[in-house]
Each structure stands twice: as structure tokens, then as C-alpha cells.
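We count residues from 1, following the sequence as given. Because only heavy atoms are used, hydrogens play no part in the values below, and waters and symmetry mates are left out as well, while side chains stay in.
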Amino acid sequence: MTAAAETLHALVERVTFHNPENGYSILKVKVPRCQDLVTAVGSFVQVQAGQTLALSGVWRENPRYGPQFEVHTAQETRPATLNGIEKYLGSGLIKGVGPVTAKRIVRHFGLETLALLDTQPQRLIEVAGVGQKRVQIIQKAWTEQRAIKEVMLFLQSHQISPLHAVKIFKTYREESIPIVTQNPYRLAQDVYGIGFVTADQIARNLGLAPDAEFRYQSGLLYTLETAAEEGHCYLPQTALVTQATQRLALKDHQPDPAILLRLTRQMAIEDQIIMHGDQTGQFICYKPAFFRSEQHLAERVHALLSRPVTVDSARVDHWLDRFTTKMGLQLSDEQRQAVQMAASARVLVLTGGPGCGKTFTTRTIVALWRAMGKTIALASPTGRAAQRLSEMTGQEAKTLHRLLEYDPRTRGFKRDIQNPLTAEAIVIDEASMLDLFLANSLLKAVAPNAQLLMVGDTDQLPSVGPGNVLQDLIQTGCVPVVRLTQVFRQAQTSQIISNAHRINQGQFPQLETVTDRPKTDCLWLAAKEPELGVQGIGQLAVDLLPKLGFNPAQDLQVLCPMTRGEAGTRNLNKVLQQLLNPPAPTKTEIVRGGITLRVNDRVIQLVNDYDREVFNGDLGTITQLDLEEQEITVQFGERCVVYDYADLNEIALAWAVSIHKSQGSEYPVVILPVYMQHSILLTRNLIYTGLTRAKQLAILVGPSKAIGFAIQQTKDQQRFTYLSQRLTQLVQP
């Protein structure tokens, strides 16, 4: 029997849970006929304690939690009492109004408060402590809330989630309704967090035909975008059509691949995609930006290689002899070759594993260039790697975005072909992290008479973004490469380094069982089940690390193969936060999306935010939470960055992060949980990358079966890139 629908007029007493990704919320509400608080569950935009809502839905019996009201639609109504108005305004719904300001406003205007906000918001200046700037903030927030509600009424009628409604409104403002009605697939291109799948569902709810040509075209572009997220620069035409056919299929509709094949040709004519034949005669398909970046990158590398560097080799050798004598060190034959080649090569790749002397070799090359009177620039894709490069060379190093002078206004780099870098010699460390677009931007900014040294470990994970630039440059055979293979004696004493090389050779690492008096720097906790592993990680953090002289809140980084699962980052972040930064009366905290954020929490930036100049993978610490202004301040190195509550989806807790996010960073202590529940992602270079992030101590947690499985997995999916072929064709037409 279907439950009867009814409407409850409810006052929200507290928000037990709210997920901003889908708006799903669990509320405790007060309704007139019930003495006890009622549990209401459903999707809401920005639900806060103090709101008065008309909830339409049905009663359900939850086997664990008892009766709950399942909300189908919710419409906000205005509170009728002074206490209700005060609680509503002070709930955090309106930026600039906290509990204290709300009390003052209601005390001054009484029951007319909400009507006054609609018609005469400038009168807020009459309230003690509310200045002109605060009045403008409140007025803007109040107007935005009203506009959101109008858009919500339209979007809710088409089953669009509350969270997506807010994002749509922020992107299109008053144009939201006409844009969504005319072409909902624009949302996938314009609105962060709304992809093709969501836009497609919205289109279906609006009654658009599943075989509409612009749906198919959007699906083809979405397939290329999805491929880019997996590291591909292009897809073969056959793969594009096959994958798009699968993505566009619905229960009541199966696309015709022949139509999609025809559309790829039509989109190529219209320059929506770029299509050309590869070396086998098959067609390959790019999004235009990918094609142009790859083509231009190859041309820039070729242009540099075409300009020889004149150098006195005997003089370089003489300087090298004097330098090594002065330093009291001896270069290996490989290292000496690298320094000699750096003197005479326009572009040089220096690669090798840990302990093979990349650091000393790079430092020697920089010293040589300095002795030659060259102006030198040092950079790395991440802030931490740049800081390490600076310490290594004794010269300032920058992130690539700072080196290239990113301009938030134009969303581009100031340094380019027309305005190249002035440096005559450039070092890029952690070059394996360079994706197609960043590498292209870099090469645009390298002056024709400059020299470029790219340093990286090709056995690490490739870039998170599309492309496999460093590996492609090496594979061409056109770019000079020095691979350091000799592990130095002092590095051989580290089991972290020794085990990294064993893993690279497909051998099981030599691991010491965890004790409070370890003899090596590479330990193993053989917790067979993920639940036991999580408990073990907690005990290691609280008990073992302090005994070994480490401060776990500062020195420890847990690196996980994936985010989900008991031993994934999401669960471990909750566990570690409770242990390393527990709640305290002196710590301010907020709850967003079921996640608690409090002062002193370590957080990670999830996306590139060019306006704030913080980038994907940057780690910081929350230093301030302002409940009144609804802002969070995060310390990133020497910089403080302020986030509005609305932008908190850009950051996440970082007591545990993914191995992919750790690239370019090093930590005193790394704990690496490895379980078969992660098997889909376990690979040799993943474990190698995670292990080599540890500077002083690494602890693997998990069964030997999972570790062995990962080491044997070398069948990484081949990335579709054409950079090496393009460069080879330019060098050898």
C-alpha cells in the first residue's frame, strides 16, 4: 500500500547531516502536532537551523531509526515569531548575519524585520554595530536568496537537485531558466560539478529527445573529456564511437553507431573536434585545445633542439675537476656525463630513481651555469617541490604558475612567446608531473636562446592531467637524456631507497615488522583486514611515532591508493582527525557535507584556483574559522588564503590523501595502506610513488598478498598521446 502524501509545517531545530554534493540532508524539525522532534530526510539547497519549511512527502518506517518523514519537495515559509525570525536570520543562511547581529536586528525591527529586508534593507544601518559595508553584504545575500528560490521552483519541477540549482544560479544568474530550457547540455561545459550525465538527466526531465543531434554531439565531447581524465590526449575514432554509444544508451534508446560516426566527421568539419590519420592510417580524434597544445609543444621542443649551444668542453671539464675537489665529492661517470651535456644541450632530460644522485647532479649543473654567468630560473609543478629545489640549489625556486606569472584576470600566463622568460637556463624539477597543457605553457615561455633541464623520475606515476610528456620526450630519441642508475653507498643504507629499486625490478620489498625499536626505515604492519589496518594506523600515529621522536600531527602523511573503502582517504581522514586534532572548547569548527572542519586541521586543495593562486594538491592548515563572516582561512606555506563557505568544495581534509595527490611532495613519515579492496588501482608505479614520498620512515600496512599483487601489476593502460610521433616527424620529416 502506498503511503499517503501530506504536508508538514516545520521549524528546523538542527541539521544532523547535509551532503552538498547531492543536497541529501537529515533534519530534526519541530511540527505543531508533535511533542518530540521529527526526523525529516530529503534534498535541500542550504538548509539551516531556524528555517521554517513547508515539507511535502510521506512517512516511512526506518528499521533502525524509527519513523521518518521522507521529503519530496520543500518550500521555505517565513517564521512568524520574534524568536523564530531571530533564529532564522542567525542560522548562517545570510552571509554577514550571525547570532549576535540577528539578535540586534530583530530587537530593533521586531516582526517587521523580514518585510524590511525585502523593501528597505538600507535601514539596517540603524542597528548598532551594523556599518554600511555590512548592510551591503546582507542586502546582496538576501537578494540572492530570493533569486535562488525563484530558480529553485522552476528547477525542482524538473527534478533538478537543490545543489545543482544553486550552481546553475551562480553561473547564469537571471539567465538560468532560459539557458537550461534551450540547451541543458551547456551545463556540462559551463558549471563546475555538473557533467554530461547530470545535464543529460535534466534534458530528459525537460522532455528533450534522446536522439537529438546536439545530445549526441555533447556525448561525443563528454567521451573525449572522460578520456582526458584518464590521461589521454585523444581517442581513436573507433574507440570514441564505441565509448560514446555506450554512454549515450538509455533503457529505451540505443544510439546507432553509424550516426555517431557521421557526426564525428561533421564535428570535424565544424572544428568542434580535430581529426587526422595516425601512422597506421586510422583516424584519431581530439578536442581542439588538446590537438593544438600537443602540436605546438612538439614544435617548440623542435625549435629549441634546432639551435645548437656553443661551449668550450675542455673548460667545462676543468671547472668540474675544480668544483668536485672543492666540494670533496666525486661524480659518477653518469653524473659527469649529465653535467657535460647540460653545458652543451639546449634541452636535456635527467632521470633516475631515488639515491642515484639526481639532486647532487642538478645542484652541480646549476653551479656550472652560474659559473658560466647565465641567469637561472628554477621551478617545479608544486609548492613543496619548489621549496625542496630551492633548498637543494641555494637559489629561489618557484612553482611553475608563479614562474610563468599566471594572471587570474585573463586566466592565462603573462609569460609566453611574445613575453618569454628572461632566464638563460631553466631547471624544471619533478618533470614527470607535467601534463600536456602546463608543458606547452612552459615551452611557450622559454626564450629561443635559453637552455632547459627537465629532471624527473619516469618510474613514478604519470601526470594527473592528460599526456605523458616526460616519457614521450624520452621515447622520441630526439631529446638528449641521461639516466642515472648507480645507487650511491650512503643511499644504500636506506631500506626505503633499496626497496623502491626492488619494487621497480618486480621484487618483493624487504620489510621489517613494526616494533618500537626499528632497525631500518621501512616497516610493515601485516594487518590482514582493512578494519584492523585502520586501527593499526591509529595506534601507529598515537603510540609508535611519538616514541620514535616524530610529531604525528606535523610529520605523518597517510597515502592511500583510493578514496573509498575502509582503508581509503575518506574514512581514514575521520579517524585521524579524531586522533590528531580532536574537538576542544577552544577550537572553532563547522560541519559541511557530513565532514567536520576545525582549526588546526590539515587540508588539501582539490582543484586549481587561479584567483586564489592555490593549486590541485597544495596542502595547508586551517588557522581561522569566522562563523559570522562565513569564511575559513587556510595557511599554505607563507600565504594565508580565505575561502567563503560556498567554496569549501575546493578543499578537503588531508590527514590522509591519495598517492596521486602526493606527487611532487615529501614527508618525514609515510604510512601506506595496501589492500585487495584497492586492487583495481594497485600497480607497481603506484606503490613505488607512495613509498618514495617518505624521507625518514615508511610503514606499509596490509597483507603481503596485496603488496605482492601491486608489484606484479605493470600493465598500465597505454595513454593515447602523439607527442613523440609529432616531434620525430619534425626532426626526421
Can you establish whether the number of heavy atoms outside [X] located under 6.0 Å from its atom [atom1] is more than 12?
{"X": "Arg262", "atom1": "CZ", "result": "yes"}
{"X": "Ile680", "atom1": "CD1", "result": "no"}
{"X": "His660", "atom1": "NE2", "result": "no"}

Has the side chain of [X] got a donor or acceptor atom that lies under 3.5 Å from a matching backbone atom of [Y]?
{"X": "Ser432", "Y": "Gln460", "value": "no"}
{"X": "Ser441", "Y": "Phe437", "value": "yes"}
{"X": "Arg570", "Y": "Thr563", "value": "no"}
{"X": "Asn573", "Y": "Ala656", "value": "yes"}
{"X": "Arg719", "Y": "Asn468", "value": "no"}

Between [Y] and [X], is there a side-chain heavy-atom distance shorter than 4.5 Å?
{"X": "Tyr222", "Y": "Gln243", "answer": "no"}
{"X": "His276", "Y": "Phe291", "answer": "yes"}
{"X": "Leu723", "Y": "Val301", "answer": "no"}
{"X": "His401", "Y": "Leu438", "answer": "yes"}
{"X": "Tyr172", "Y": "Val191", "answer": "yes"}
{"X": "Val464", "Y": "Asp435", "answer": "no"}
{"X": "Val180", "Y": "Leu206", "answer": "yes"}

Please check if any side-chain donor atom of Ser56 sits under 3.5 Å from a side-chain acceptor atom of Thr7, or the reverse. yes
Hey, could you give me the NZ/CD distance between Lys444 and Glu299, rounded to the nearest 0.5 Å?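 Rounded to the nearest 0.5 Å, the NZ-CD separation comes out at 11.0 Å.
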Under the side-chain hydrogen bond (donor to acceptor under 3.5 Å, both in side chains) rule, collect the residues that match up with Tyr406, sequence neighbours excluded.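 For Tyr406 there are no side-chain hydrogen bond (donor to acceptor under 3.5 Å, both in side chains) partners, ignoring immediate neighbours.
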Applying side-chain hydrogen bond (donor to acceptor under 3.5 Å, both in side chains), name anything that partners Tyr286, two or more places apart in sequence or on another chain.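 Tyr286: side-chain hydrogen bond (donor to acceptor under 3.5 Å, both in side chains) contacts with Glu294, Arg726.
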Does Gln237 form a side-chain hydrogen bond (donor to acceptor under 3.5 Å, both in side chains) with Thr264? I'd like the steps, not just the answer. CA-CA 8 Å; Gln237 185 186 30; Thr264 61; 3.0 Å; yes
So which atom in [X] and which in [Y] form the shortest heavy-atom distance, rounded to 0.1 Å?
{"X": "Gly465", "Y": "Ser463", "answer": "O-OG, 2.9 Å"}
{"X": "Ala188", "Y": "Gly195", "answer": "CB-C, 3.7 Å"}
{"X": "Leu681", "Y": "Leu686", "answer": "O-CD2, 3.5 Å"}
{"X": "Cys285", "Y": "Leu240", "answer": "CB-CD2, 3.7 Å"}

Any carboxylate oxygen within less than 4.0 angstrom of a Lys/Arg side-chain nitrogen, looking at Asp252 and Arg204? yes
Any Lys/Arg nitrogen of Asp200 or Arg247 sitting under 4.0 Å from an Asp/Glu carboxylate oxygen of the other?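 A salt bridge is absent here (no side-chain N lies under 4.0 Å from a carboxylate O).
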For Phe283, enumerate each residue passing the ring-ring contact (aromatic ring centres under 6.0 Å, His included) test, keeping only those at least two apart in sequence or located in another chain. none
